[in-house]
Amino acid sequence: MSEYQPKSYPWRAWRRLAALARGRSVPLRGNRRALRKRVLARSLVPLAPALVGHPAQAFDLEPRVVADAASEMIVAGPAEAFLAVLGSVHVLNFLSVITTGRRLRSLGEPDQARVISRASTSRVMLLRGASMLAGLPLKVAYYNHDDVCCGLGFTRSALREDAGRHQVTRDR
Amino acid sequence: MLHTWKSLGLRGKTRAVELEADVVIVGSGAGGAPLASELAGEGYSVVVLEEGGYFPTESFGFDCRRAVVEMYRDGGMTFALGMPVVLCPTGRTIGGTTTINQGTALRMPRGVLQEWRTGYGLSEITYEELSLYYGAVEEFIYVSKPDPEVAGLNAAKFIAGARAMGLEAEYLPRNAKDCEGYGVCCFGCPTGAKQSTNISYIPEALRKGADVYADCRVDRVLVEEGRAAGVTGRFVEHDTRASGPRITVHAEVVVLSCGTVGTPLVLKRSGIADSSGQVGRNFRLHPVTQVVPIFDELVEPHRGVSQSAWVHEFLDQGISLETTVLPPDMLTMTVPHAAREHAEVMSQYPNSGLVGVMIKDSTTGRVMPRPGGGASLYYQVGREDLRRMKLGNLVASEISFAAGAKRVITMISGHHELRGPGDVARLRAAKVKARQYFAMSGWHPMGTCRMGSDPEWSVVGHTLETWDVPDLFISDASVFPTALGVNPQLTIMALSMRCAGFIDERLRERGVPARGRDDELERMLFAERAASSR
């Protein structure tokens, strides 16, 4: 048998499948993780203000910044988390098409918020779960932002400085 | 010394590292670190392999999202499938989960040990003996109750509310020294006050001559002539987690302390120690939900000790209520509202508190290897546990109202905002189903390699040595036959210290030479034994 092993995509995919079947760990290549992040961020950007709730009193962040941070967090986890969040966005879109005749991303922010609120108070667990899952990474990313934290009294830089002055040693 | 792939000067995947030691310990958390310190103190050559990276105290900087991504397994998204899906966060860093836990250090309730002794044949473990180990660990990691001044307003209000209802509430013992109450224990203590094993036992083990390898994932246990003879795995790149050079450690004794999720995976991958068929089964958790009381006055939920007060009156029913403080990006996860309602609740953050409801579970789940690496967790919260969870939520809400809360946010759909006694009564009368919980987290995974008196239905005996493979020990929460009902780090450490004695005995039998024994603990244990016998 020839030693030649083609580097084509089907060959790589076959090797990956074979490794998976043997229960081997096949880490994601860097570019695949970046692709996932891009796909997720693109889905979340138009929904970010509505899913976060866009509080007027807090700093008005660029939705892309929030969506990028949220996607980065999700792709650090297992593939299931990525699929669950992406799936949730599609479920919300589906609900929007049924109730308004338009996709969620093409609605204005007040209408988006209405659809999301309806999903979150629904008796159907899938809809409740979708509104929770799609919103969670965005909310974490939003409230993690320095400007938003500061507005709520959690001033990271001041706390860091203060903690620096109170370093503890194990000496008795 | 502490080593990593880079510090060893290795490049590419082709170079391999081969080491020899008396004992190799996989994991540097509550199960592995005390053992490493003890055995290194006895004079044995000890190698500790840790899958996670090393993060010094200076790197812990109040950025919780980054901490979760870097120091939690699966970026904090380890979850158990069931209804509802349960999020099970565990640590993956030097210090294991102790680096990212709340620091609560409680002894095991006597009733639970009694259950182990009678139900699982573990009559060799007595509370008096465990108390000696508890004492030694508590002294080493500075277990004490927090200063009420530092504990924070959330805890003070909770205690006042509980006492107003006639319940007994008190501050929780914690492994912290000179804690200033920055409230970010779960994301790495920024002052080094919390005595997690990366601060306490690992430096002690290093001082005594142990070698610790960070970013090093163990794949399987090596078995020669039916006995454990070492482990093999690979270094992983710190940031991308991509595999690097192979590392193999040959040792007289192998200890797995990879945690309840990691240990069964290593055993399954190695195809050993599973003649009972119990590896990965009996997966136990402490299911947790939170209630968020909102007050008129300022509470500052990010100031104070992470977990500082509790009500333990319902421990015999398997319910414990513990206060928690969290920064806004983490508290947002406990608010189930959507869109503008969510933002409105979050705008009340400075006036919010947080109470966790923790249940000693009565059902079991399963941990299985997932094709492609990692673990699949299955866990269904039982009907009885749901009843207790509802009861816990009710009591926590009543305490909050008694403390002066104007409204209370729960994780129960249909009852997610309680505005007074009327809403509490409505929740009391309602039947709450599993699917009504917006989210549930499961802390303190336990029990996937349970300890018992019979090789037919247990994986390890009371010495924590596996029945099937001599010289292979398991020292982590996976050996617990049942859930504890309280935070388990102290019990894991106490059992780990106990296990060190059996390993020492084994090595002495083998005639493994020790470099010079450190008899400090032995002297202390002897003194305490003498004192207790008087």
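The shown structure was predicted, so the numbers you read here are calculated from the model rather than taken from an experiment. The chains referred to below are lettered A, B, ... by the order of the sequence lines, with proteins before strands, and numbering in each begins at 1.
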Chemist: Who wins among Ala69(A), Gly135(A), Ser157(A) for the most heavy-atom pairs under 4.5 Å with chain B?
Modeler: Ala69(A)
Chemist: Test Asp329(B) against Lys139(A) for side-chain contact (heavy atoms from CB on, under 4.5 Å), laying out the working first.
Modeler: CA-CA 7 Å; Asp329(B) 48 352; Lys139(A) 288 168 187 168; over 6 Å; no
Chemist: Going from CD on Glu300(B) to CG on Leu152(A), what distance comes out if it is rounded to the nearest 0.5 angstrom?
Modeler: 12.0 Å
Chemist: Please look at Leu51(A) and chain B and tell me whether the side chain, the backbone, both or neither of the residue comes under 4.5 angstrom of a heavy atom of that chain.
Modeler: backbone
Chemist: Checking Asp162(A) against chain B: side chain, backbone, both or neither under 4.5 Å from a heavy atom?
Modeler: both
Chemist: Heavy-atom distance under 4.5 Å to chain A: side chain of Gln195(B), backbone, both or neither?
Modeler: side chain
Chemist: Taking all non-hydrogen atoms of both residues, which atom of Arg128(A) and which atom of Gln436(B) are closest, and how far apart?
Modeler: NH2-CA, 3.8 Å
Chemist: Below 4.5 Å from any heavy atom of chain B, which atoms of Ala50(A) appear? Answer side chain, backbone, both or neither.
Modeler: backbone
Chemist: Any chance you could measure Tyr142(A), atom OH, to His342(B), atom NE2, to the nearest 0.5 Å?
Modeler: 11.0 Å
Chemist: For chain B, find which of Met125(A), Met132(A), Arg156(A) contributes the most heavy-atom pairs closer than 4.5 angstrom.
Modeler: Arg156(A)
Chemist: Taking all atoms of both residues into account, what is the closest heavy-atom pair of Cys64(B) and Asn144(A), and its distance?
Modeler: N-ND2, 4.1 Å
Chemist: Please look at Thr57(B) and chain A and tell me whether the side chain, the backbone, both or neither of the residue comes under 4.5 angstrom of a heavy atom of that chain.
Modeler: side chain
Chemist: Check for a donor-acceptor pair, side chain of His302(B) on one end and backbone N or O of Gly153(A) on the other, with a separation under 3.5 Å.
Modeler: yes
Chemist: Given that the side chain runs from C-beta out, which part of Pro369(B) has a heavy atom under 4.5 Å from chain A: side chain, backbone, both or neither?
Modeler: neither
Chemist: Mind listing the closest non-hydrogen atom pair of Val69(B) and Ala76(A) along with its distance?
Modeler: CG1-CB, 3.7 Å
Chemist: Picking from Ala339(B), Pro203(B), Gly75(B), which has the most non-hydrogen pairs under 4.5 angstrom with chain A?
Modeler: Ala339(B)
Chemist: Could you have a look at Pro328(B), Ala439(B), Ala338(B), Gly192(B) and say which one has the most heavy-atom pairs with chain A under 4.5 angstrom?
Modeler: Pro328(B)
Chemist: Which one of Pro78(A), Gly129(A), Pro49(A), Gly77(A) has the most heavy-atom pairs closer than 4.5 Å to chain B?
Modeler: Pro78(A)
Chemist: Checking Arg303(B) against chain A: side chain, backbone, both or neither under 4.5 Å from a heavy atom?
Modeler: side chain
Chemist: Centre of Tyr182(B)'s six-membered ring, under 6.0 Å away, within 45 degrees of the axis: is that where NZ or CZ of Arg160(A) sits?
Modeler: no
Chemist: With a 4.5 angstrom heavy-atom cut-off, is it the side chain or the backbone of Tyr72(B) that approaches chain A, or both, or neither?
Modeler: neither
Chemist: Using every non-hydrogen atom in the two residues, find where Ala141(A) and Arg65(B) come nearest and quote the distance to one decimal.
Modeler: CA-CD, 4.3 Å
Chemist: For residues Ile141(B) and Arg170(A), report the shortest heavy-atom separation together with the two atoms involved.
Modeler: CA-NH1, 4.5 Å
Chemist: As an exercise: rank Ile116(A), Asp146(A), Leu136(A) by heavy-atom pairs under 4.5 Å with chain B and give me the winner.
Modeler: Leu136(A)
Chemist: Check for a donor-acceptor pair, side chain of Gln167(A) on one end and backbone N or O of Ala193(B) on the other, with a separation under 3.5 Å.
Modeler: no
Chemist: Nearest 0.5 Å please: distance from the OH atom of Tyr349(B) over to the OH atom of Tyr143(A).
Modeler: 11.5 Å
Chemist: Taking all heavy atoms of Ser120(A) and all of Phe438(B), pick out the closest pair and write down the distance.
Modeler: O-CE2, 3.8 Å
Chemist: Please classify the contact of Glu109(A) with chain B as side chain, backbone, both or neither, using a heavy-atom distance under 4.5 Å.
Modeler: side chain
Chemist: Counting only heavy atoms closer than 4.5 Å, note whether Ala79(A) contacts chain B via side chain, backbone, both or neither.
Modeler: neither
Chemist: Does any backbone or side-chain atom of Leu331(B) lie under 4.5 Å from a heavy atom of chain A? Answer side chain, backbone, both or neither.
Modeler: neither
Chemist: Of the backbone (N, CA, C, O) and the side chain (C-beta and beyond), which part of Asp63(B) lies under 4.5 Å from a heavy atom of chain A, both, or neither?
Modeler: both
